[in-house]
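Structure, as C-alpha cells:
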2 protein chains.
Amino acid sequence: MNIQFKKGVLELCVLSILKQKNCYGYELVNDISQNITISEGTIYPLLRRMKSDGYVETYLQESQEGPPRKYYALTAQGEQARAALDVEWSSFVEKVNNIVKGGAVVE
Amino acid sequence: MNIQFKKGVLELCVLSILKQKNCYGYELVNDISQNITISEGTIYPLLRRMKSDGYVETYLQESQEGPPRKYYALTAQGEQARAALDVEWSSFVEKVNNIVKGGAVVE
DNA sequence: ATATAGTACCTTGCATTGCAAGGTAGCAGG
DNA sequence: CCTGCTACCTTGCAATGCAAGGTACTATAT
C-alpha cells in the first residue's frame with residue numbers, strides 16, 4: 001500500500017468513523033486497518049492534533065480487558081471539518097480521474 | 001486544495017500524461033494545474049526522481065519562445081509503474097470510500 | 001511467582017513529498 | 001534597457017506516516 005496516498009486522508013477516515021460512534025485509539029487502528037493499514041504511531045499523534053484543533057473531545061473509561069480506554073467524540077467543529085474534508089476529497093478524486101483517464105488538458 | 005492529498009498522486013498524474021504524449025516540465029505544470037495545482041518546485045524534483053528510477057528518458061529540443069525544452073518520454077518500465085500505481089490508486093479510493101460512506105467495519 | 005500474550009496508551013527519529021522563494025537564461029515588445 | 005513570459009533549476013521548510021521503542025494492565029499458562 002502506497003504510504004503517500006494516505007497523507008491527509010487518514011484524518012478524513014478518523015473523522016468519518018467518529019461521526020458514527022465514539023472510539024478509543026486502539027479501536028480506530030483496528031477498524032481502519034481492515035481497509036487501510038494504519039499504525040499506532042500514526043493514530044495517536046493524529047488524535048492529539050485533532051484534539052488541539054478542537055475537532056474531538058476525550059473521556060476515559062475503565063476496561064476489563066486492559067488499561068483504561070481513552071474515547072474520542074466528535075465536536076460540532078469536528079463535524080464541520082469532516083464535511084469540508086469530505087467535499088475536498090471527492091473533488092480531488094474527480095480531478096485526478098480527469099487527468100488519469102484520458103483528456104487531462106482542456107482545449 | 002489540501003496539499004497532503006497530492007502526495008504520491010502527482011506521480012501518477014505525470015506518468016498518465018506522459019503515456020499520451022511526450023512533455024517538457026513547464027508544460028506538465030500547466031497541463032496538470034488545470035485540474036490540480038502543482039508548482040515547479042514539485043515537478044522538477046519529481047521528474048528527476050523518475051529519471052533516476054528509469055521511468056522516463058529525456059531529450060532537448062530548441063524553442064522559438066524561450067530556452068530549450070527538456071522533453072520527457074515514458075519508458076516501458078515507466079509504463080509498468082504507471083499501470084501499477086493506477087491500480088493501487090483505484091483500490092485506495094475504493095477503500096477510503098468504504099470507510100467514509102457508512103460501514104467501515106466488516107462484521 | 002513468572003512468563004507470555006493481548007490490550008491500550010504513548011514518544012522519538014526518520015523518510016518522503018510538495019511548496020515557497022529564490023536563482024539563471026533566452027526571447028519579444030515597448 | 002526594461003518588463004514579461006518562457007523554461008530550466010535548487011535550497012530550506014512543513015506536514016504526515018511509520019518503525020521501533022517504551023509503559024502498564026489483564027488473563028492464562030507454567
Side-chain angles (χ1 to χ4, degrees), chain A residues 1-15 22-33 35-53 55-56 58-72 81 85 88-89 92 95-96 99, chain B residues 1-15 22-33 35-53 55-56 58-72 85 88-89 92 95-96:
Chain A
M1 166 91 63
N2 192 317
I3 290 176
Q4 300 302 321
F5 286 168
K6 304 181 189 175
K7 306 258 168 166
V9 183
L10 294 178
E11 181 173 357
L12 172 60
C13 291
V14 168
L15 290 172
N22 295 354
C23 284
Y24 53 101
Y26 192 77
E27 187 185 11
L28 280 168
V29 169
N30 292 328
D31 277 19
I32 295 177
S33 291
N35 282 288
I36 298 167
T37 307
I38 183 174
S39 71
E40 297 188 31
T42 298
I43 202 87
Y44 291 116
L46 172 57
L47 289 168
R48 207 189 318 142
R49 267 178 265 150
M50 287 181 173
K51 188 174 182 183
S52 83
D53 287 341
Y55 294 172
V56 294
T58 62
Y59 56 92
L60 282 177
Q61 197 162 294
E62 292 296 320
S63 163
Q64 267 102 31
E65 291 149 70
R69 299 165 172 169
K70 188 190 272 188
Y71 275 85
Y72 291 81
L85 252 192
E88 234 184 324
W89 172 249
F92 178 75
K95 284 168 180 165
V96 173
I99 294 174
Chain B
M1 166 91 63
N2 193 317
I3 291 177
Q4 301 302 321
F5 286 168
K6 304 181 188 175
K7 306 261 168 165
V9 183
L10 294 178
E11 181 173 356
L12 173 60
C13 292
V14 168
L15 291 171
N22 295 353
C23 284
Y24 54 100
Y26 193 76
E27 186 184 13
L28 280 167
V29 169
N30 291 329
D31 277 20
I32 296 177
S33 290
N35 281 287
I36 297 167
T37 308
I38 183 174
S39 72
E40 297 188 30
T42 298
I43 203 88
Y44 291 116
L46 173 56
L47 288 169
R48 208 191 316 143
R49 266 178 266 151
M50 287 182 173
K51 188 173 182 184
S52 82
D53 287 341
Y55 293 172
V56 295
T58 61
Y59 56 92
L60 282 178
Q61 197 162 296
E62 291 297 319
S63 163
Q64 267 102 29
E65 291 149 68
R69 298 166 173 167
K70 188 188 271 187
Y71 275 85
Y72 291 81
L85 252 193
E88 233 184 325
W89 172 248
F92 179 75
K95 284 168 181 166
V96 173

Original post:
Rounded to the Å, how far apart are A/Ile43 CD1 and C/dC10 P?
Top reply: 11 Å
Original post:
Which nucleotide in the set C/dG18, D/dC8, D/dT6 lies at the smallest distance from any side-chain heavy atom of B/Tyr44?
Top reply: D/dC8
Original post:
Checking only heavy atoms, does the side chain of A/Glu40 share a donor-acceptor pair with the base of C/dC9 at less than 3.5 Å?
Top reply: yes
**OP:** Take atom CG of B/Leu47 and atom P of D/dA7, then tell me their distance rounded to the nearest Å.
**Re:** 15 Å
**OP:** Please report, rounded to the nearest Å, how far the P atom of C/dA8 is from the OH atom of A/Tyr72.
**Re:** 14 Å
Subject >> Rounded distance in Å - NZ (B/Lys70) to C1' (D/dC9) >> reply: 9 Å
**OP:** Quick one: closest heavy-atom pair of A/Asn35 and A/Met1, and the distance?
**Re:** O-CE, 4.2 Å
**OP:** Identify which nucleotide among C/dT16, D/dC18, C/dC9 has an atom closest to any side-chain atom of A/Thr42, counting heavy atoms from C-beta outward.
**Re:** D/dC18
**OP:** Have a look at A/Gln64 and say if it touches a base, only the backbone sugar-phosphate, or nothing, with a 4.0 Å heavy-atom cut-off.
**Re:** sugar-phosphate
Subject >> B/Lys6 vs B/Thr37 side-chain heavy atoms within contact, under 4.5 Å >> reply: yes
Subject >> Smallest separation among heavy atoms of A/Val56 and A/Leu47, with atom names >> reply: CG2-O, 4.2 Å
**OP:** Check every atom of C/dT7, C/dT11, C/dG18 against the side chain of B/Arg49 and return the nucleotide holding the closest atom.
**Re:** C/dG18
**OP:** Check the pair A/Glu65 / A/Arg69 against salt bridge (charged side-chain N to carboxylate O under 4.0 Å, His left out), numbers first and verdict last.
**Re:** CA-CA 10 Å; A/Glu65 291 149 70; A/Arg69 299 165 172 169; 3.7 Å; yes
**OP:** Pick base, sugar-phosphate or nothing for B/Thr37, based on heavy-atom distances below 4.0 Å to the nucleic acid.
**Re:** sugar-phosphate
Subject >> Nearest listed nucleotide, side chain of A/Pro67, among D/dC25, D/dT10, C/dC9 >> reply: D/dC25
Original post:
Nearest-Å distance, CZ (B/Phe5) to P (D/dT16)?
Top reply: 11 Å
Subject >> Value in whole Å for how far the P atom of D/dT16 lies from CD1 of A/Ile3 >> reply: 16 Å
**OP:** Establish, with yes or no, whether the OP1 or OP2 oxygen of C/dA8 is under 4.0 angstrom from a side-chain nitrogen or oxygen of A/Ser63.
**Re:** yes
**OP:** Return the value, rounded to whole Å, for the distance between atom OH of B/Tyr71 and atom P of D/dT6.
**Re:** 14 Å
Subject >> Which residue lies more 5' along DNA chain C, comparing A/Lys7 with A/Arg48 via nearest heavy atoms >> reply: A/Arg48
**OP:** Classify the nucleic acid contact of B/Gly41 as base, sugar-phosphate or nothing, counting any heavy atom under 4.0 Å across all strands shown.
**Re:** base
Original post:
DNA chain D: A/Glu62 or A/Pro45, which has the more 5' nearest nucleotide?
Top reply: A/Pro45
Subject >> B/Gln61 CD to D/dC8 P, straight-line distance once rounded to whole Å >> reply: 11 Å
Original post:
Hey, does the side chain of B/Tyr26 come within less than 4.0 Å of D/dC8's phosphate (OP1/OP2), counting only N and O?
Top reply: no
Subject >> Mutual orientation of the aromatic rings belonging to A/Phe5 and B/Trp89 [parallel < 30°, tilted 30-60°, perpendicular > 60°] >> reply: perpendicular
Subject >> Contact nearer the 5' end of DNA chain D, comparing A/Val9 with B/Glu65 >> reply: B/Glu65
**OP:** Could you check whether B/Lys6 gets within reach of a base, just the sugar-phosphate, or nothing at all, counting any heavy atom under 4.0 Å?
**Re:** sugar-phosphate
Subject >> Positive for side chain to side chain contact (heavy atoms under 4.5 Å, CB included) with B/Leu10, one of B/Ile43, B/Thr42, B/Leu15 >> reply: B/Thr42
